[in-house]
Structures are given as structure tokens and as C-alpha cells.
Amino acid sequence: MARKKIVAANWKMNLTLSEGEKLINQLLEGLPEVLECEVVLAPPFTHLQMLVELVGGTSILPAAQHCHAEKAGAYTGEVSVAMLNSLGIKYCITGHSERRQLFFETNQIVRSKVDAILEGGLTPIFCCGESLDIRQASQQNQFVKEQLEECIFHLGPDAFRKLVIAYEPIWAIGTGMTASPEQAQEMHLFIRDTIRQAYDSDISDEIRILYGGSIKADNAATLFAAPDVDGGLVGGASLQPAGFIEIIKAAC
Ligand code: 13P
């Protein structure tokens, strides 16, 4: 079956409210009303209400970059999935390497967030991917397999098929060192095969696996043409409307 591509923007900690509003309006003006793919925007929490109001009724879907696994309580500074759901947020990124490295999120914490996101009625965009050291030691498959096993393979088939997976090699994030389409395809196929072994071919055929790491307007089309790459999770290049629209058009 054909998998609908997704182009998701991870703004990270960038843009003020007015800068974000301007960018969303530029995207709305520049994109065709009907798109063959899903466009997802994940701005900072402070921008989510505005995003939801601006994109309501359009083909852009709102996403959060982060959440807490607990439903409510004394967790100063944190945001629950129920809060995101009450705003109309559809996706939540989890397992991003920046959260793992800078905020010490382990596979166990990511696993509990995947559960919380699903229970709260949102779709997790689960990120995995290896560091440069691991790739240079040719251990990337084993490393990513372990992330899958420890963060998402506990899910039953009905919950698992709701996930979106993003393969984001750490060495390609924000470095300009994009994975080649061959490197991306090889890992995406490995992830799909690993899912087939853990679940079945229906699930592995339908699950969407995005690539992330230095996607730009000039490399998006060749990456998205790889048969097991179902779109992208875009950081830096999602902050420039013209370039991001080009990236979206490469997928749609
Ligand atoms: P860049 O596109 O800036 O490399 O970031 C990728 C990323 O981390 C998306 O989540």
C-alpha cells in the first residue's frame, strides 16, 4: 500500500511569537490548498495556541516537540499530553537526540512518553539514530535496533501501527552532513525489516519512517525518492519559508 508522506518541521528553540506567526502565514500563502502529503509543524509550546488558530481547516497539522509522561502533578515547567490534546495538537515528537543528550532522556523515559502520547490520543513521532562514533564502528544497526526494542517494541500491534518513526543520525543533525539517500535507504529498510520480524509485514509496510538530519531544498527530492523514506523531519531548513516550501513540494 502507498504510504502518505509526511514533512514535519521541528523549529526547536527558535523564533519569537511574531516571527513564528509570520512564518506560518508565509507557508499558508505559499502552499497549495490540497496537498498529497501531510505537513506537520512543531513550534515551541508558547506558539501552539497561535499555530492551532492559524492552521485550523488547512492541511497543516500542529505538533509539540516534547511532553511529560505523567498525566498531571508537581512537575514544574512540564506539559502533559492531556494539555496538548486539549489544544488540538495531533503529533508529539519524542526520543529526539537533543532531548536524550542535553536533557538526559533514556530509552526508558522515551518509552514512558511513547505510552503517554498514545494514551493521550496523540501520535508519537519517535526519533532514533546513532552518533558518529557508533557509525564509524559500523554498529549503527545494532544501536538503532536496541532503541526500537527498548522504546517501542513493547507496544501491541494496534498501538504500534499508529506510530511515526524518524531516523535522525546524530552526525547529520545541524551539521550540513546529510546522510546520502543510500545510507538513509539502508537504515530505513533495516528498521522496516526489524519491525517485520517483531510484528508482521502489514505493519512494517504501512508504518511511516521519516529521515531527519540536514535536509535542505537541494537534497530533499533525492532523499524522499528512496523507497523506504516516507518524508522528513526538518530542523534548520524549516525556518525559511521558501526553502521549506520547496522541501514540502519535493515530498508532495
Ligand atoms: P536539521 O535539519 O537542522 O539538521 O535538524 C534535524 C532535526 O533534528 C529535526 O528534528
Side-chain angles (χ1 to χ4, degrees), residues 5-15 19-20 23 27 37-45 47-48 51 60-67 89-105 110 113-114 117 122-132 134-135 140 143-144 147 151-152 163-181 183-184 187-188 191 208-224 226 229-251:
K5 285 198 165 50
I6 300 178
V7 179
N10 177 6
W11 288 8
K12 308 190 181 183
M13 195 173 74
N14 289 296
L15 306 184
E19 289 165 346
L23 175 55
L27 295 176
C37 66
E38 280 178 43
V39 176
V40 174
L41 298 186
F45 285 136
H47 301 29
L48 286 175
L51 172 67
I60 296 182
L61 297 169
Q65 295 175 18
H66 166 61
C67 66
I89 305 304
K90 301 298 177 202
Y91 285 97
C92 184
I93 298 170
T94 194
H96 195 284
S97 58
E98 287 152 18
R99 299 288 327 168
R100 293 174 185 267
Q101 288 182 324
L102 304 172
F103 302 97
F104 314 110
E105 292 192 10
V110 175
K113 292 189 179 193
V114 167
I117 296 166
L122 272 65
T123 299
I125 299 179
F126 163 73
C127 303
C128 56
E130 80 287 354
S131 65
L132 188 58
I134 291 171
R135 178 153 286 258
Q140 66 270 18
F143 182 83
V144 169
Q147 288 184 320
C151 299
I152 55 175
L163 295 179
V164 172
I165 296 175
Y167 169 59
E168 297 207 313
I170 297 169
W171 48 271
I173 296 178
T175 58
M177 236 170 86
T178 322
S180 67
Q183 284 172 318
M187 178 57 84
H188 284 224
I191 293 173
R208 287 171 301 175
I209 308 175
L210 315 182
Y211 167 77
S214 296
I215 297 181
K216 304 273 181 283
D218 60 8
N219 60 27
T222 48
L223 283 163
F224 298 162
V229 175
D230 304 313
L233 183 53
V234 187
S238 72
L239 302 172
Q240 303 297 332
F244 189 53
I245 288 171
E246 286 302 306
I247 294 171
I248 295 168
K249 288 184 175 163

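Remember, it's 1-based here, ligands and their atoms both numbered in the order they're listed.
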With sequence neighbours excluded, tell me which residues meet side chain to side chain contact (heavy atoms under 4.5 Å, CB included) with Gln65. Asn10, Trp11, Ala42, Pro44
When only distance counts, is Thr175 in polar contact with ligand 1, meaning an N/O pair under 3.5 Å? no
Does an N or O from Glu98, backbone or side chain, lie closer than 3.5 Å to an N or O of ligand 1?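 Between Glu98 and ligand 1 (N or O atoms, distance only) the closest approach is not under 3.5 Å.
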Select the closest option to atom 4 (O) of ligand 1 among Gly174, Ser238, Ser97, judged by heavy-atom distance.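 The option holding the nearest heavy atom is Gly174.
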Below 4.0 Å, non-hydrogen atoms only: which portion of Ile173 touches ligand 1? Side chain, backbone, both or neither.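 Both backbone and side chain.
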Within ligand 1, which atoms have a heavy atom of [X] less than 4.0 Å away?
X      : value
Gly235 : 1 (P), 2 (O), 3 (O), 5 (O), 6 (C), 9 (C)
Leu233 : 9 (C), 10 (O)
Glu168 : 6 (C), 7 (C), 8 (O), 9 (C), 10 (O)
Gly236 : 1 (P), 2 (O), 3 (O)
Gly213 : 4 (O), 6 (C)

Which atoms form the tightest heavy-atom contact between [X] and [Y], and what is the distance?
X      : Y      : result
Leu48  : Ala63  : CD2-O, 3.2 Å
Glu168 : Cys127 : OE1-SG, 4.2 Å
Leu122 : Ile89  : CG-O, 3.3 Å
Glu130 : Trp171 : OE2-NE1, 2.9 Å

Once rounded to the nearest 0.5 Å, what's the spacing between atom OH of Tyr167 and atom CD of Gln147?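 Here the rounded value is 9.5 Å.
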Return yes if some donor-acceptor pair links the side-chain N/O of Ser97 with the main-chain N/O of Ile170 below 3.5 Å, else return no.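 It does not hold such a pair.
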I'd like to know if [X] contacts ligand 1, where contact means a heavy-atom distance under 4.0 Å to any ligand atom.
X      : answer
Ala237 : no
Ala172 : yes
Lys12  : yes
Gly212 : no

Decide yes or no for Tyr91 and Leu41: does some side-chain heavy atom of the first lie under 4.5 Å from some side-chain heavy atom of the second? no
Give me each pair satisfying salt bridge (charged side-chain N to carboxylate O under 4.0 Å, His left out) with a member in residues 233-248, each pair once, sequence neighbours excluded.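 Residue pairs passing salt bridge (charged side-chain N to carboxylate O under 4.0 Å, His left out), neighbours aside: none found.
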